[in-house]
**Q** 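Here's a structure for you.
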Amino acid sequence: MFFAPGEPQRAAMLDLRTVAQNLPQVAERLSHRGPGIDLTPVGELANARRQLIQETEAARAQQKSESAQLGRLIKSDPPAAEKLRATLKGLSERVKAGDQELERLEGELTQLLLGIPNLPHGSVPVGGSAADNRLVRYGSAPKPQFAFAPLEHFELGEKLGILDFERGAKVSGARFTFSSGAGAKLERALISFMLDLHTSRGYRELLPPFLVSPDAMTGTGQLPKFAQDVFRTVALDEKGELKRELFLIPTAEVPVTNYHRQEILDGARLPLSYAAYSPCFRAEAGSYGKDTRGLIRQHQFQKVELVKFAAPETSYDELEKLTADACEVLERLKLHYRVMLLCTGDLGASSAKTYDLEVWLPGQDAYREISSCSNFEDYQARRAQIRYRPAPGEKPRLVHTLNGSGLAVGRTVVAILENYQEADGSVRIPEALQPYMGGMARIEP
RNA sequence: GGAGAGAUGGCCGAGUUGGUCGAAGGCGCCUGACUCGAAAUCAGGUAUACCCGGAAGGGUAUCGGGGGUUCGAAUCCCUCUCUCUCCGCCA
């Protein structure tokens with residue numbers, strides 16, 4: 001039913017039954033993401049699992065009813081009871097063996113399913129790389145013109161004394177930075193500005209834990225695929241052995257999406273919208289040599305994240321709204337940007353559809369991603385078991401989860417520095433932000 | 001960190017000499033009756049997942065998680081997690 005014509009938005013990922021019963025269709029749609037996904041083992045394992053369940057459950061049903069009979073026999077006919085007990089012993093062992101094998105099969109199957117990315121939505125353009133992403137629109141602010149050669153943000157930041165990359169490296173290593181003075185204040189102002197904007201537009205503010213359990217990381221799909229991209233923390237016991245492990249969140253998406261893990265939400269209250277500030281920690285494995293200078297790619301940065309839990313019928317409308325809410329930050333800051341629709345080849349593994357917001361950076365002479373807004377459909381919800389009851393008495397269904405940055409704070413600082421720079425090296429503060437800066441209108445050396 | 005108590009269905013709350021307990025009772029919710037309508041009252045229904053089946057329906061699992069004892073565990077044993085109370089420490 002998930003693949004009925006005209007209903008592509010219902011396409012679900014990771015649902016074993018759907019995948020197993022629609023192998024060719026699923027494989028076809030996954031092929032748009034690129035080669036290398038083989039579903040045959042999934043089909044084979046699914047069949048083996050089904051068969052084993054039937055056998056084991058039949059044996060268990062027999063065991064159960066005869067076991068009850070044994071209970072009665074013990075009182076009425078002890079010798080017969082002893083005889084039956086001996087038979088049941090054997091049956092019990094068969095059942096246990098079947099259970100073990102089933103557990104093994106299902107573990108293997110889960111590992112396979114975890115490795116399969118989400119199915120792209122029908123409206124996502126097919127393409128192999130970022131070059132095939134589709135331009136959706138530009139924001140209202142025009143591209144700024146400069147009568148001088150605009151500097152990159154790190155040059156400005158160092159000259160203004162508000163970004164200290166050297167000391168960041170001294171204390172923590174590469175890709176760590178101190179913001180100081182007006183720079184630190186600017187970050188704080190941006191966070192408040194963004195949260196105030198979003199909460200005034202219907203989001204509930206949430207300040208989440210910054211460390212999460214391995215379960216939470218799996219629920220949103222960070223594990224096991226991206227284990228190398230995250231920081232893991234451990235607590236040791238007296239003997240120096242692992243007592244507990246927690247992960248530094250790579251985005252507030254992780255704690256906030258897991259906020260409703262294993263819950264059945266009231267359908268009448270959907271969509272639920274949250275705006276969460278958090279620092280984000282990323283190991284950035286595999287990006288050596290990329291954006292080595294400046295704030296663009298740090299191991300730690302701050303972000304305000306928007307998260308929604310929506311009914312499947314409305315999730316794509318909510319994606320448009322969420323994207324517009326993220327855009328609104330750039331609109332108010334009067335920064336030039338464009339909205340891109342990611343193609344199948346550039347789409348994140350968990351996402352069914354993603355819009356990237358790319359802000360113009362005159363110092364780099366390039367558009368750079370400052371927000372990524374995605375609909376994950378029920379891909380995350382299935383793992384995290386987040387459901388909703390459409391109406392009282394009805395069956396629970398999986399919700400659709402969405403999220404997007406609103407926005408990445410560090411990159412917003414970059415955009416402000418580069419777009420609002422003056423010939424003398426000073427930087428104006430966008431009007432919308434001035435109330436949050438104690439009225440400051442300009443950062444000067 | 002030390003001492004103790006607890007974790008049962010949407011919620012509250014029985015059940016711990018192991019057997020027919022998916023689990024009494026209450027609340028909530030749904031359906032019907034009564035009513036012009038509502039409230040109150042009465043009757044019935046009311047978990048989730050998986051497997052078989054076209055369906056009706058049937059089967060299996062789940063009483064915080066995991067493991068064990070047993071023919072059989074919500075009930076016994078071990079372990080982990082979480083919550084609460086008291087003491088200590090601490091931003």
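We name chains A, B, ... by the order of the sequence lines, and we start the count at 1 in each one. None of these values were measured; they are calculated from a predicted model.
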**Q** Measuring only the C1' atom in each nucleotide, how far is rA24(B) from rG15(B)? A whole number of Å is fine.
**A**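 After rounding to an integer number of Å, I get 8 Å for this pair.
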**Q** Take atom CZ of Arg204(A) as the centre, draw a 6.0 Å sphere, and report whether it contains more than 12 heavy atoms from other residues, nucleotides or ligands.
**A**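 For Arg204(A), atom CZ is not crowded (no more than 12 foreign heavy atoms under 6.0 Å).
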**Q** Going by an N to O cut-off under 4.0 Å, is there a salt bridge joining Glu93(A) and Lys96(A)?
**A**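 A salt bridge is absent here (no side-chain N lies under 4.0 Å from a carboxylate O).
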**Q** Tell me whether the centres of the aromatic rings in Phe309(A) and His400(A) are closer together than 6.0 Å.
**A**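 Not under 6.0 Å, so no.
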**Q** Between Pro396(A) and Leu70(A), name the one whose nearest nucleotide on RNA chain B is closer to the 5' end.
**A**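 Result: Pro396(A).
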**Q** So what does Glu66(A) touch, heavy atoms closer than 4.0 Å: a base, only the sugar-phosphate, or nothing?
**A**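 No contact.
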**Q** Can you confirm whether or not the ring centre of Phe231(A) sits under 6.0 Å from the ring centre of Phe247(A)?
**A**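 When the ring centroids of Phe231(A) and Phe247(A) are compared, they turn out to be at least 6.0 Å apart.
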**Q** Both distances under 3.5 Å, Watson-Crick or G-U wobble: report the partner of rA49(B), or none.
**A**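 Matched rA49(B) with rU60(B) under the 3.5 Å cut-off.
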**Q** Return the nucleotide paired to rA24(B): Watson-Crick means purine N1 to pyrimidine N3 with N6-O4 or O6-N4, wobble means G-U with N1-O2 and O6-N3, both under 3.5 Å.
**A**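 Pair assignment: rA24(B) / none.
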**Q** Using the P atom as the reference point in each nucleotide, state the distance between rG68(B) and rC63(B) in Å, no decimals.
**A**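 Straight-line distance between the two P atoms is 15 Å.
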**Q** When you match Gln385(A) and Arg85(A) each to their closest nucleotide on RNA chain B, which lands nearer the 5' end?
**A**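 The answer here is Gln385(A).
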**Q** Is there a Watson-Crick or G-U wobble partner for rG1(B) with both distances under 3.5 Å, and if so, which one is it?
**A**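 Check on rG1(B): paired to rC87(B), both distances under 3.5 Å.
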**Q** Determine which nucleotide pairs with rA7(B), using a 3.5 Å limit on both distances of a Watson-Crick or G-U wobble pair.
**A**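 Partner of rA7(B): rU81(B).
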**Q** Just jot down the ring-ring contact (aromatic ring centres under 6.0 Å, His included) partners of Tyr203(A), sequence neighbours excluded, or say none.
**A**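 Partners of Tyr203(A) by the ring-ring contact (aromatic ring centres under 6.0 Å, His included) criterion, ordered by chain and then number, come out as His198(A).
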**Q** With sequence neighbours excluded, what pairs up with Glu55(A) under the salt bridge (Lys or Arg N to Asp or Glu O under 4.0 Å) test?
**A**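 Partners of Glu55(A) by the salt bridge (Lys or Arg N to Asp or Glu O under 4.0 Å) criterion come out as none, since no residue qualifies.
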**Q** What does Ile74(A) touch in the nucleic acid at a heavy-atom separation under 4.0 angstrom: a base, only the sugar-phosphate, or nothing?
**A**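 Base, at least one base heavy atom under 4.0 Å.
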**Q** When rounded to the nearest Å, what value does the distance between P atoms of rA56(B) and rC42(B) take?
**A**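 So the two P atoms sit 33 Å from each other.
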**Q** Should rG44(B) form a Watson-Crick or G-U wobble pair with both distances under 3.5 Å, which nucleotide is its partner?
**A**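 Answer to the pairing question: rC30(B), which forms a Watson-Crick or G-U pair with rG44(B).
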**Q** Considering only heavy atoms of chain A and a distance under 4.0 Å, specify the first and last nucleotide of RNA chain B in 5' to 3' order that meet this criterion.
**A**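 Endpoints of the contacted stretch of RNA chain B: rG19(B) to rC82(B).
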**Q** Could you tell me which nucleotide pairs with rC76(B) by Watson-Crick or G-U wobble geometry, both distances under 3.5 Å, or answer none if nothing does?
**A**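 Pairing partner: rG68(B).
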**Q** Would you mind classifying the nucleic acid contact of Arg389(A) as base, sugar-phosphate or nothing, using non-hydrogen atoms under 4.0 angstrom?
**A**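 If one applies the 4.0 Å heavy-atom cut-off, Arg389(A) turns out to touch the sugar-phosphate alone, with no base involved.
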**Q** What's the gap between rG66(B) and rU75(B) when it is taken at their P atoms, as a whole Å value?
**A**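 Nearest-Å result for rG66(B) against rU75(B) at atom P: 13 Å.
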**Q** Determine which nucleotide pairs with rU16(B), using a 3.5 Å limit on both distances of a Watson-Crick or G-U wobble pair.
**A**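 Looking at the geometry, rU16(B) pairs with no nucleotide.
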**Q** Give a yes or no answer on whether the side chain of Thr344(A) reaches the backbone of Gly127(A) with a donor-acceptor pair at less than 3.5 Å.
**A**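 Such a contact is found between Thr344(A) side chain and Gly127(A) backbone.
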**Q** With side chain to side chain donor-acceptor pair (under 3.5 Å) as the criterion, how do Thr177(A) and Gln298(A) come out once you've worked through the C-alpha distance, each side chain's angles and the decisive distance to 0.1 Å?
**A** CA-CA 8 Å; Thr177(A) 304; Gln298(A) 297 270 294; 2.8 Å; yes
**Q** Take atom C1' in rC11(B) and the same atom in rG1(B), then report the distance between them in whole Å.
**A**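 One C1' to the other, the span is 36 Å.
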**Q** Considering residues at least two apart in sequence or located in another chain, which fulfil the salt bridge (Lys or Arg N to Asp or Glu O under 4.0 Å) criterion with Glu318(A)?
**A**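 For Glu318(A) the salt bridge (Lys or Arg N to Asp or Glu O under 4.0 Å) partners, ignoring immediate neighbours, are Lys308(A), Lys321(A).
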**Q** Near RNA chain B, counting only heavy atoms under 4.0 Å, which residues of residues 93-106 of chain A show up?
**A**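 Contacting residues: Lys96(A).
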**Q** Can you confirm whether Arg167(A) is buried at CZ, in the sense that more than 12 heavy atoms of other residues, nucleotides or ligands lie under 6.0 Å from that atom?
**A**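 Not more than 12 within 6.0 Å, no.
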**Q** Verify the neighbour count for atom CD of Glu444(A): are there more than 12 heavy atoms of other residues, nucleotides or ligands below 6.0 Å?
**A**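 Yes, because the 6.0 Å sphere around CD of Glu444(A) holds more than 12 heavy atoms from other groups.
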**Q** Does the side chain of Glu263(A) pick up a donor-acceptor pair with the side chain of Tyr388(A) at under 3.5 Å?
**A**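 Glu263(A) vs Tyr388(A): no donor-acceptor pair found between side chains.
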**Q** Within residues 53-62 of chain A, which residues have any heavy atom lying less than 4.0 Å from an atom of RNA chain B?
**A**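 Residues of residues 53-62 of chain A under 4.0 Å from RNA chain B: Ile53(A), Gln54(A), Glu57(A), Arg60(A), Ala61(A).
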**Q** Does CD belonging to Glu320(A) count more than 12 external heavy atoms closer than 6.0 Å?
**A**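 Correct, the count exceeds 12.
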**Q** Using both distances under 3.5 Å as the test, list the Watson-Crick or G-U wobble partner of rA38(B), or none.
**A**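 Paired with rA38(B), as far as the under-3.5 Å criterion goes, is no nucleotide at all.
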